[in-house]
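Written out below as structure tokens is the structure these notes cover.
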Amino acid sequence: MNRRTYMVAAGSIASALFAGCIDELDNGGDTDTSNTDNGDDTGDGNGTNDTADNDTRDSDPIDAVEAYVRAGENADIDATIEAVHEESPLLPFLEEGETDFDEIDDVEIVDHETIKKDVTAADVLDLQYAETLFQDEDELANALDGEAAVLLDVTFDPEDSFREDTWVVVTEGEEWKMFWATAEPPETPAEQLDPEIIDEDDAVVADIDWDPDIDNPGEWARVTLVDEPGIEADAVRIESTIADSEFEFSGESQTAWSGSWANVNLNEEGDQIVVTAITDNEETVVHRVHYEP
């Protein structure tokens, strides 16, 4: 499996800041996030009152998000590690250097809101893709034990395009630290779909198995590329555009991607798989098909 962002495991801003972070975790779920609207909405929506009874602490929850985002903007690995909670499953990947920083400039936090205080392991596991990283609820509960934890909805303005992510922020001593982040799936995936394109000549795509034998939660498809390509390309990218699962294959030759395959996570409400050939930085969609539950 090729190196790829932890897009399946973190929110749109969080994942855009860091590439190649979680290669081996391909068992993400696609669960409902509706339980986060639980009447514990105590934020004022203007970024001034999103604390969790933490007047004695040295920082507020939103400060942890700010520190994480700024570290990514500056490509500062030490600052990134410092901004992440010591029990976060992301920390080992950062410490091992399995991180490439993407280029994002002038990311502004324009709004944030506390959607839940006193967050439990069950609350975290109910978030989209949580099972990708948190496969042991008891271990997650131990990580949160004795700490304050909140869920924040954070709205960003990256390059004039507003995005909203849900962040899990947990205390470490007297400081709030980033623990994890996720993006909610679109409410109407069908509206996100583009017209289908079929690789009728089997130049790139050999097969899509919509029911692969995978012992992981969620919906999956296995995309297999042809052994004998009908085109030459520097790289081939396979992605599910709604669930944001993406893999890219390349090598020294223009057909090094042949015979590759990837298990692609799908949004259970509907999705599309897109296969793109990349040559001299020019991208051509050679196959686009819809997943309908």
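Sequential numbering from 1 along the given sequence is applied to the chain's residues.
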Donor-acceptor pair between E283 and T276 side chains, under 3.5 angstrom: no

Members besides I278 in its Ile/Leu/Val/Met/Phe/Trp/Tyr cluster (side-chain heavy atoms under 4.5 Å): none

Nearest atoms (heavy-atom pairs only) where G251 meets A256: CA-CB, 3.5 Å

Connected via hydrophobic side-chain network under 4.5 Å: L225 and V285: no

side-chain contact (heavy atoms from CB on, under 4.5 Å) partner of E95, chosen from L90, T80, I81: I81

Rounded distance (nearest 0.5 Å) linking atom CD1 of I231 with atom CG of D201: 10.0 Å

pair S240-L266: side-chain heavy atoms closer than 4.5 Å: yes

Ring geometry between H85 and F179 (parallel below 30°, tilted from 30 to 60°, perpendicular above 60°): perpendicular

Nearest non-hydrogen partners of G173 and E147, listed with the distance: N-OE1, 4.1 Å

All side chain to side chain donor-acceptor pair (under 3.5 Å) counterparts of D234, not counting sequence neighbours: Q254

Donor-acceptor pair, side chain of D209 and main chain of V223, under 3.5 angstrom: no

Same cluster (ILVMFWY, side-chain, under 4.5 Å), W180 and L140: yes

Any side-chain donor near an acceptor of the partner, E219 and Y291, under 3.5 Å: yes

D63 backbone acceptor or donor facing D60 side chain under 3.5 Å: no

Heavy-atom side-chain contact between V124 and E137 under 4.5 Å: no

Q272 versus L193, closest heavy-atom pair with distance: OE1-CA, 3.4 Å

Listed partners of E82 passing salt bridge (charged side-chain N to carboxylate O under 4.0 Å, His left out), at least two apart: K177

Single-linkage hydrophobic cluster V274~W220, side-chain heavy atoms < 4.5 angstrom: no

Check: T120 and L144 side chains under 4.5 Å, non-hydrogen atoms: no

Within one Ile-Leu-Val-Met-Phe-Trp-Tyr cluster: F247 and W210, side-chain cutoff 4.5 Å: yes

Side-chain heavy atoms of L127 within contact of V168, under 4.5 Å: yes

Exam field: side chain D271 to backbone N267, donor-acceptor pair closer than 3.5 Å: yes

Verdict with reasoning, V204 to V236, per side chain to side chain contact (heavy atoms under 4.5 Å, CB included): CA-CA 8 Å; V204 177; V236 171; 4.0 Å; yes

Closest non-hydrogen atom pair between F249 and W261, with its separation: CZ-O, 3.4 Å

Neighbour count above 12 (heavy atom, 6.0 Å) for D213 CG: no

Smallest separation among heavy atoms of A203 and V226, with atom names: O-CG2, 3.4 Å

For L152 against V65, the heavy-atom pair lying closest together: CD1-CG2, 4.2 Å

I115 side, atom CD1; D153 side, atom CG - distance, nearest 0.5 Å: 4.0 Å

